[in-house]
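All values below come from the heavy atoms of this structure, side chains included, with hydrogens, waters and symmetry mates left out. As the structure is a computational prediction, the values presented were derived from the model and not from experiment.
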Amino acid sequence: MINIIIPFPVFKPLHLCVSFSNSCSSDVITSISYGQKTFQQSSSEVDNLIFTKKIKYELESYFNNPGFQFSLPCDIQLGTPFQQRVWQALTEIPSGKVKTYGELAKELKSSARAVGNACRRNLFPVIIPCHRVVSASGVGGYAGDTLDTQRGQINFLQIKQWLLAHEAVDR
DNA sequence: ACTATTCCGGTAA
DNA sequence: TTACCGGAATAGT
């Protein structure tokens, strides 16, 4: 498995850690997580330069142009069958638009709460845009944070808000 | 027994 | 009428 680190705009010590592996001759991203600088960037001899460049290129493109469409392969099968359905649906929400947990639930014939769960478990934040799902009354949660509860140093809701503002969603 | 929810009824300003 | 609480309903882990 290979990790690459990409700085996240605005939120100073914040980075995106992208992990990928090469399973039978094709590269797939296996997870993306938020971290603060101190992370180790693993440089393997087998490091696929082409793929790491593509990851960097696509993320930088998105940060420069919110309408950029990702084509990076994610190993969506790492999720449960239900999570796979939700994550797939997320990829179909275009930049600049949002859906509520309830709306998505209706489309998937599930419940708002279950959809929220699947979003919370999203292994590929930013490129699978779980930030485009909001609550009926407000903004909803992000990375486990809600309006009431915050886990680490940063309140990840600010990041969700930033992503939405970046995509020119008014709310 | 937890959730990144939502809807409806009651109450108060 | 609007705003704000409580509680039940809900589906997946």
Find the distance [X]:[atom1] to [N]:[atom2] and express it as a whole number of Å.
| X | N | atom1 | atom2 | value |
| --- | --- | --- | --- | --- |
| A:Glu107 | B:dT6 | CD | P | 13 Å |
| A:Asp148 | C:dC4 | CG | P | 15 Å |
| A:Asp145 | B:dT3 | CG | P | 13 Å |
| A:Trp87 | C:dT13 | CH2 | P | 10 Å |
| A:Phe82 | C:dG12 | CZ | P | 5 Å |
| A:Leu147 | B:dT3 | CG | P | 16 Å |
| A:Arg121 | C:dG12 | CZ | P | 15 Å |
| A:Leu123 | C:dT13 | CG | P | 13 Å |

Re C:dA11: Watson-Crick or G-U wobble partner, both distances kept under 3.5 Å, found to be B:dT3
Answer yes if the side chains of [X] and [Y] hold a donor-acceptor pair under 3.5 Å, and no otherwise.
| X | Y | answer |
| --- | --- | --- |
| A:Gln84 | A:Gln88 | no |
| A:Tyr142 | A:Tyr34 | yes |
| A:Asp75 | A:Thr30 | no |
| A:His131 | A:Glu167 | yes |

For the side chain of A:Gln83, starting at C-beta, report the closest nucleotide among C:dG12, C:dT13, B:dT6. C:dT13
Quick check for you: among B:dT6, C:dG12, C:dT13, whose closest atom lies nearest to any side-chain atom of A:Ala114? C:dG12
Please classify the nucleic acid contact of [X] as base, sugar-phosphate, or nothing, using heavy-atom distances under 4.0 Å.
| X | answer |
| --- | --- |
| A:Gly144 | base |
| A:Ala118 | nothing |
| A:Tyr101 | base |

Would you indicate, yes or no, if C:dT13 has its OP1 or OP2 atom less than 4.0 angstrom from a side-chain nitrogen or oxygen of A:Thr80? yes
Would one find a side-chain N or O of A:Ser135 under 4.0 angstrom from OP1 or OP2 of B:dT6? yes
Counting neighbours of CD on A:Gln77 that are heavy atoms of other residues, nucleotides or ligands and sit closer than 6.0 Å, is the number greater than 12? no
